[in-house]
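All remarks here apply to the structure that follows.
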Amino acid sequence: MPNQNKSPKGVVLDHISKIYKDPKTGKEFYAVHDVTLDIAPGSFVTLLGPSGCGKTTTLRMIAGFESPDEGEIYLGGEPINALTPNKRDTAMVFQSYALFPHYNVYDNVAYGLKLRGVPKDEIKRRVTDILALVELSGMEQRMTNQLSGGQQQRVALARALVVEPGVLLFDEPLSNLDAKLRVQMRTEIRRIQQTLGITAIYVTHDQSEAMSISDQIILMKSGVIAQMGSPTEIYYRPNSEFVADFIGECNFLHGTSLGTQQGETRVQLPVGTVSVATETAYDAGIPCEIVVRPEAIIIGDEGMLPCKVELSCFMGSYQNYHVRVGDTLVKITDNCPVNKKIFQVGDSAFISFDSACAHLL
Amino acid sequence: MSKRQSAALDRKKFFGDPVMVITIIVLSIFLALFILYPLSMLLVDSVLIKGNDLYSVADYAGNADPVYYTGDGAVASQDQDQIFALLRSPDGSLPDQYAPLYRSTGFFAAKAQLRDTRGGAKVYLKVVNSQDKTAYVALDELDKVANVPLTYLPNNRLIRDMTGVDPAALCVHIDASVWTLDTFPRIFSDYIFNNALKNTLLLGALTGIFSLLIGLLFAYVDVYVHIRSRFSKKLFDVVSMLPVVSPPFVLSLSMILLFGRGGLITRKLLGIYDSDVYGMWGIVIVQTLTFFPVVYLMLKGLLKNIDPSMEEAARDMGASRWKVFMTVTLPLMLPGLGNAFLVTFIESVADFANPMIIGGSYDTLATTIYLRITGGTYDINGASAMAVVLLFLTLFMFMIQKFVLEKKTAATLSGKASRARMLIEDKSVRYPLTVLCMTISLFVVLMYIAVPFGALFKLWGRDYSLSTRWFEQMFHEGGWKAFQDSFLLSIIASPVTALLSMIISYLVVKRKFHGKGLIEFVSMLAMAVPGTVLGVGFIRGFSGGIFRTGFLQSIYGSGLILVIVFVVRSLPVGTRSGISALRQIDKSIEESAYDMGAGSGKVFMTVTLPLIKDSFFSGLVTTFVRSITAISAVILLVTPRFLLITCRINEYAEKGEFGVACAYATILIAITYTAIVIMNVVLKYFGTSRNAKPKKERKARKGVSSNAESE
């Protein structure tokens with residue numbers, strides 16, 4: 001297998017900023033502002049965020065296509081700010097795949113090796129190996145436009161992998177594929193990354209993709225890091241409304257803390273009180289916000305908070321409710337509704353949730 | 001916020017790429033030297049007047065033995081190194097001067113010395129030979145002058161002995177330069193210039209309007225009307241291609257052959273004995289037939305982009321077909337029509353060959369400038385000022401076209417038609433329009449057929465029996481050499497231009513660096529520069545070397561300068577087609593090669609060039625065709641060392657020997673047509689169209705069609 005004798009490299013971003021000029025107003029602004037990251041060798045890190053948050057710019061700075069205005073980037077401990085992309089030990093998989101249309105699959109994959117002056121028979125061996133890894137054996141002579149989207153994606157991946165880069169960069173590689181293939185490919189990418197033990201930095205705006213694939217997610221917003229952590233941390237312990245809302249659907253209930261006891265904080269809401277599991281203590285009287293996922297809320301004839309049903313919609317695997325709790329709209333996903341009571345629009349009901357499933361901001 | 005770090009890093013990365021840096025430097029030098037510099041020399045010459053301070057050499061005027069002086073006027077002893085001659089103004093209006101000279105090399109041979117003492121002035125000797133021809137000769141160049149004083153050898157004894165020369169008439173011409181704007185008022189009060197300017201503008205407007213009408217007609221019929229017969233479709237295609245691939249003056253020749261005084265149609269068929277095709281209407285007809293295909297191709301693209309449902313909506317609301325055309329189609333196309341009009345206008349104004357051959361006494365700016373340079377007056381300041389006027393005229397039009405109309409066109413008609421158009425089947429529309437187009441097409445074809453027959457008939461107008469005498473005369477009078485020279489120079493220019501334009505397009509589309517805008521602007525600028533203007537610029541820029549220093553002087557009069565002119569003239573066309581080809585290529589394809597470890601040169605050679613090889617190849621052929629048919633710039637620069645086909649045709653047409661001119665033109669058409677056929681075959685079988693991009697065929701044709709902008 002390739003990559004046996006080459007160890008993956010870590011990437012360090014040390015207070016990186018990038019300034020752009022707005023083409024209309026001519027005003028300068030930070031596309032990326034003071035981003036500091038330490039990516040461990042062999043880990044899979046995802047840069048996640050809405051469009052324009054600076055994730056792609058960050059990736060392109062690591063690849064060398066853009067130069068940072070402040071800070072230094074280290075690859076395997078070496079500063080690489082002044083290196084051109086072709087001198088950096090990175091390989092990128094592009095959103096549009098960027099396959100060479102005038103080469104066949106074999107030549108596409110062999111391109112990087114030829115540049116490195118690898119002997120012919122070794123090129124052949126390594127290309128064959130890597131094509132087997134991405135399950136494209138036998139397709140060597142195909143032209144790239146004779147391949148399906150998923151196959152093109154695999155060629156792009158193989159082309160990046162075969163040069164055994166210190167770090168593999170992905171720029172929204174799955175966004176041109178259909179939903180089903182996307183799910184399949186992301187498992188595939190994860191499998192290959194784990195097999196080779198390579199460092200990977202992955203840019204996407206799709207939160208489910210990010211969660212399923214990464215060791216660590218870095219959520220960005222307007223050029224700064226909003227939160228970083230493992231997928232579960234980000235999902236269950238969001239540190240801001242933005243993070244909570246970006247990662248899946250979320251309900252926010254505004255209330256006032258009544259104080260913390262034994263890791264549980266009581267929160268006074270306009271229509272009742274609830275308790276939420278917290279790690280830090282909240283003094284009584286502080287305004288706070290409860291974050292609770294739609295699937296964590298239980299709707300029933302009894303519960304903690306009274307509500308009125310405004311929308312009730314059967315979605316197959318779940319029943320979707322919009323209920324009004326006081327003035328706040330709360331979305332509820334009630335899984336497996338077959339044997340449960342279905343509330344109709346206008347019904348009064350109660351909602352409740354486990355204190356461990358909610359999170360306090 | 002400090003942007004310093006990224007700028008510094010980008011610079012570091014940029015200079016870490018020597019191939020690219022060297023390429024950009026070489027390119028910039030090329031563009032500056034062969035486009036910007038000649039044009040700026042024109043500007044300089046139009047405001048810088050060389051003074052005419054005349055001095056006679058005191059000793060010779062007085063027929064005395066030479067007395068030499070020192071720099072301050074004292075009599076010098078013979079053995080001193082530095083000696084001077086006393087210069088006196090014949091009419092006493094100028095103060096005396098002492099000009100340094102070297103006895104060893106001749107009479108006055110001290111240009112460098114005099115320059116030092118007189119701050120850039122230059123010494124000339126007025127020489128008169130036995131045929132009473134007068135010339136001012138720069139003293140250090142006396143031995144280079146071939147045609148003036150045949151008896152002259154550069155020493156003072158022989159000047160004295162020249163027969164028929166009064167030594168008193170030997171005047172030293174001290175060249176004092178003056179910066180002035182007087183030249184412009186002078187030419188603007190010059191009847192010849194004013195007339196030429198008026199003629200040029202009128203011609204441009206008329207040609208523009210007529211080309212627009214005919215081009216629009218063809219485009220409308222092509223896109224909207226159902227044409228049943230495949231023959232007429234094919235015919236339209238051929239007719240739209242013919243003027244584009246043919247030399248610029250072919251139509252003028254056939255116009256004279258068919259409608260001139262001895263014309264086949266006018267004299268033979270209609271019995272008109274005094275028909276006069278020379279003059280404005282002759283040029284208008286010829287230019288219209290030459291340029292309408294360009295309009296046709298431009299408008300065809302626009303019409304195809306109009307969404308048929310818009311017009312169907314208008315029809316549905318009760319508008320007649322005419323009403324739809326006037327209220328929907330035409331307003332949508334208005335910027336496009338303006339654009340097409342200006343393109344034709346520029347081409348008409350810049351056209352040299354047709355006014356030259358068929359203009360008669362109807363002089364345009366281009367021909368007037370040519371005559372100023374080559375005619376007896378040699379009014380270089382006047383010609384330069386006229387060239388500047390012509391240049392600004394075309395530049396102004398070009399700017400409007402480029403920055404106003406092209407944007408508007410793109411804004412109104414950028415969408416793609418949602419579905420196929422219902423073609424007009426209505427006979428009352430179809431028949432008249434089709435018949436009109438057929439008539440024009442057949443007329444154009446007739447014009448082209450006339451040329452080979454003009455070469456084959458024994459004596460046009462009198463004896464219509466076939467003979468090969470004109471071909472024989474052609475080959476007898478240097479025809480073979482003309483074909484060799486033209487072919488060789490064009491074939492050298494082709495790959496250079498094609499490669500250069502691909503590199504420029506790559507840099508413009510794909511790379512970021514300072515001065516990129518300038519490179520793009522300059523390479524496009526050449527499109528708006530009429531050939532005549534460029535020719536005059538090259539004369540002024542290179543005849544005395546760069547900045548008259550003698551540096552690179554040897555390229556003037558050589559084949560190299562002709563090749564360079566060919567390259568400069570074709571560069572914009574190739575660059576434009578390269579840019580549009582590259583814009584369709586995803587930026588990340590090159591980035592991925594770059595990321596994989598390839599340097600700029602490697603990326604260009606392994607990825608970019610293969611992807612745009614169609615464009616490269618069509619640039620190759622287009623350059624060849626444009627070069628071998630070029631005349632306006634090269635006619636000013638060609639020397640007897642080289643015979644060019646186009647210049648020969650012009651020469652014979654001027655002399656009225658149309659048979660030989662037609663013989664040349666026939667073979668020239670055969671050459672260009674063969675080149676086009678080869679290109680189409682190659683593009684069809686080896687093009688990237690099969691595996692990369694679908695819209696290739698149209699582009700290849702577009703590349704060639706731009707050829708019409710040449711002269």
Side-chain angles (χ1 to χ4, degrees), chain A residues 16-21 27-30 33 60-61 63-73 80-104 107-108 111-117 143-146 156 159-160 162-163 165 169 171, chain B residues 1-21 510-513 581-582 584-616 686-694 696:
Chain A
I16 290 297
S17 294
K18 177 74 189 171
I19 297 162
Y20 279 141
K21 215 177 206 161
K27 261 168 86 176
E28 292 188 333
F29 65 94
Y30 278 108
H33 194 193
R60 290 174 65 84
M61 282 194 282
F65 295 122
E66 313 275 350
S67 303
D69 281 296
E70 289 158 17
E72 180 71 56
I73 300 174
I80 54 166
N81 263 5
L83 289 183
T84 51
N86 54 335
K87 306 249 168 70
R88 296 188 183 196
D89 192 12
T90 60
M92 184 137 149
V93 178
F94 289 82
Q95 183 171 12
S96 55
Y97 318 140
L99 298 180
F100 307 131
H102 55 300
Y103 288 156
N104 60 22
D107 288 331
N108 260 287
Y111 187 82
L113 295 177
K114 280 181 190 160
L115 284 176
R116 284 163 177 72
M143 294 309 284
T144 55
N145 63 344
Q146 298 170 314
R159 188 179 60 177
V162 78
V163 298
L169 307 173
D171 183 13
Chain B
M1 294 189 201
S2 77
K3 235 190 145 166
R4 218 166 292 140
Q5 190 188 341
S6 75
L9 284 175
D10 283 340
R11 205 174 308 126
K12 222 176 204 173
K13 286 183 190 172
F14 177 74
F15 285 109
D17 199 347
V19 177
M20 168 125 142
V21 175
K510 305 284 177 178
R511 303 309 297 251
K512 274 191 292 186
F513 56 91
L582 275 175
Q584 297 186 345
I585 294 176
D586 188 358
K587 184 173 81 170
S588 55
I589 292 185
E590 276 138 348
E591 276 182 351
S592 82
Y594 196 26
D595 188 52
M596 216 86 74
S600 299
K602 196 87 188 167
V603 172
F604 183 78
M605 294 310 287
T606 59
V607 178
T608 315
L609 205 52
L611 287 180
I612 53 169
K613 68 177 180 216
D614 285 14
S615 184
F616 174 80
F686 305 102
T688 46
S689 38
R690 275 177 308 146
N691 43 35
K693 278 165 285 150
K696 231 37 245 221

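The chains referred to below are lettered A, B, ... by the order of the sequence lines, with proteins before strands, and numbering in each begins at 1. What you see is a predicted model, and the numbers here were worked out from it, not measured in a lab.
- Using a 4.5 Å cut-off between heavy atoms, B/D595 contacts chain A through both its backbone and its side chain.
- A salt bridge is absent between A/R60 and A/D171: the closest approach of a Lys/Arg side-chain nitrogen to an acidic carboxylate oxygen does not fall below 4.0 angstrom.
- With a 4.5 angstrom heavy-atom cutoff, B/K602 touches chain A via backbone and side-chain atoms both.
- Put simply, of A/S96, A/A160, A/A156, the one with the most heavy-atom pairs under 4.5 Å next to chain B is A/S96.
- Using a 4.5 Å heavy-atom cutoff, the side chains of B/T608 and B/V603 are in contact.
- Residue contact with chain B, scored on non-hydrogen atoms closer than 4.5 Å, involves the backbone and the side chain of A/R159 alike.
- In this structure, chain B has a heavy atom under 4.5 Å from the side chain of A/Y103, while its backbone stays farther away.
- For A/L113, no part lies under 4.5 angstrom from a heavy atom of chain B.
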Show your working on side chain to side chain donor-acceptor pair (under 3.5 Å) between B/T606 and A/Y111 and close with a plain yes or no. CA-CA 9 Å; B/T606 59; A/Y111 187 82; 2.6 Å; yes
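- Of the listed residues (A/G71, A/G112, A/A91, A/P68), the greatest number of heavy-atom pairs within a distance under 4.5 Å of chain B belongs to A/P68.
- Neither the backbone nor the side chain of A/L169 comes within contact range of chain B; no heavy atom of the residue lies under 4.5 Å from a heavy atom of that chain.
- For B/R511 and B/Y594, the positive end sits near the middle of the six-membered ring, less than 6.0 Å away and at most 45° from its axis.
- Side-chain atoms of B/Q584 never come within 3.5 Å of backbone atoms of B/A581 as a donor-acceptor pair (strictly under, hydrogens ignored).
- For A/K114, the NZ atom is densely surrounded, since the number of other residues' heavy atoms within 6.0 Å is greater than 12.
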